[in-house]
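A, B, ... follow the sequence lines: proteins, then strands. Residue 1 opens every chain. The structure displayed is predicted, hence computed values, not measured ones.
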2 protein chains.
Amino acid sequence: METQWLTEDERAAWLRLVAVVELLPGVLDSQLRADARLTHFEYFVLAMLSEAPERTLRMAVLAQRTNATLPRLSHVVRRLEGRGLVERFPCPEDGRATNARLAAAGWDAVVAAAPGHVDAVRSHVLEPLTPAQVKQLRGIGDALLTRLDPDGRLSGLYDPDRAHENPS
Amino acid sequence: METQWLTEDERAAWLRLVAVVELLPGVLDSQLRADARLTHFEYFVLAMLSEAPERTLRMAVLAQRTNATLPRLSHVVRRLEGRGLVERFPCPEDGRATNARLAAAGWDAVVAAAPGHVDAVRSHVLEPLTPAQVKQLRGIGDALLTRLDPDGRLSGLYDPDRAHENPS
DNA sequence: CTGAATTAGTTGTTGCTTCAACTAACACTC
DNA sequence: GAGTGTTAGTTGAAGCAACAACTAATTCAG
């Protein structure tokens, strides 16, 4: 089968997307590391817990919301627990499961880190864009995620209306 | 100073971008690892060399083009050299510099990997988008990169017209 | 109720990235 | 031409992520 190469428009769009995907994580990570001693992923874990009922989530659910594998999450939560930001306890309903709950210090950390993080997002991502481009970006994101995240594993993040689709 | 929070449009766009940035690297990496035994970054290094004159680039230039730190590139090129895909030799003009040249096996690897990679890019990124969205993405990418890459370190990638701005 | 299969998590190993320290070569000044 | 500073690159150590192997609890078939 003949490979179909990219048009000029496609190549231009693709190269820019690659560059953004390559650069953005570093920018976010640096800001959070410097200001809050947290990696972006750790911040994300804490943020997801902070928005959950009882600030508590089962490890498997938390892994889905953060797009992490269970081993990765297990290591990270162990370290966060060691720093007193999170607590783990066995789930009463299911002996196999473990619940992760945001500790008071973890809540404080999220509250302290959020403003700086939002500022970074605003200055690096939102401000360079026109309001029209922000809307376009939402549409493009939706389109891409139908392919990148067909099961909607992260949908709780970007579309609250669909959150109920993962009731587990 | 009061933190300015995000509007609904901004939050929606931002959350989708985060999800894309989180998911896309994994998709690209998996495809290349499975089909070509290459990480996305390794592929990128080989691809940049394949497009350079003499298939040769100085380490520092290659680092800029691939958005890598010099230590990172040094490690990666050493491993690629160990696999016979790249050769290193001292730069004749500048005793401090090292040139990296794509070896024959490296060229073969790029040629073998490119079609599958392009297919992956097409099916995961380009096909879900309308032609209008592809154009929008280019514009959004340009806007974001003015902030993420103000010095145009990667500009050689996404805008050949600006490549001369880094004559070093 | 017993045994097989599935689900939930943890742990250990390996590999890659980053940071810091270092060497070597060039450039510029006096 | 000696000394200082800068540039190019390598190396080693530390930390995080991916993968595989493992334990333990639940479910389901018969």
What is the distance, rounded to the nearest whole Å, between atom [atom1] of [X] and atom [atom2] of [N]?
X	N	atom1	atom2	answer
Asn99(A)	dG9(C)	CG	C1'	12 Å
Leu23(B)	dA17(D)	CG	P	15 Å
Leu62(B)	dT10(D)	CG	P	11 Å
Asn67(A)	dA17(D)	CG	C1'	13 Å
Leu57(A)	dA8(C)	CG	P	14 Å
Phe89(A)	dA8(C)	CZ	P	17 Å
Asp94(A)	dT6(C)	CG	P	17 Å
Arg58(A)	dT10(C)	CZ	C1'	16 Å

Ring pair (Phe, Tyr, Trp, His ring centres under 6.0 Å) against His40(B), all qualifying residues, sequence neighbours excluded
Phe44(B), His117(B)
Please write out each protein N/O paired with an N/O of nucleotides 11-17 of chain C under 3.5 Å, distance rounded to 0.1 Å.
from: dG12(C); atom 1: O6; to: His75(A); atom 2: NE2; distance (Å): 3.0
from: dC16(C); atom 1: OP2; to: Arg79(B); atom 2: NE; distance (Å): 3.4
from: dT17(C); atom 1: OP1; to: Arg72(B); atom 2: NE; distance (Å): 3.3
from: dT17(C); atom 1: OP1; to: Arg72(B); atom 2: NH2; distance (Å): 2.8

Looking at [Y], is its backbone amide N or carbonyl O close enough to the side chain of [X] to form a donor-acceptor pair, meaning the two atoms are under 3.5 Å apart?
X	Y	value
Arg101(B)	Phe89(B)	no
Thr146(A)	Leu144(A)	no
Arg37(A)	Arg33(A)	no

Scan Val45(A), Val76(A), Leu49(A), Val61(A) and name whichever one has a side chain to side chain contact (heavy atoms under 4.5 Å, CB included) with Thr66(A).
Val45(A)
Taking for each residue the nucleotide of DNA chain C bearing the nearest heavy atom, is the 5' side occupied by Glu93(B) or by Leu73(A)?
Leu73(A)
Mind checking whether Leu23(A) and Leu145(B) have side chains closer than 4.5 Å, heavy atoms only?
yes
From dA8(C), dT6(D), dA18(D), pick the nucleotide closest to the side chain of Arg96(B)?
dT6(D)
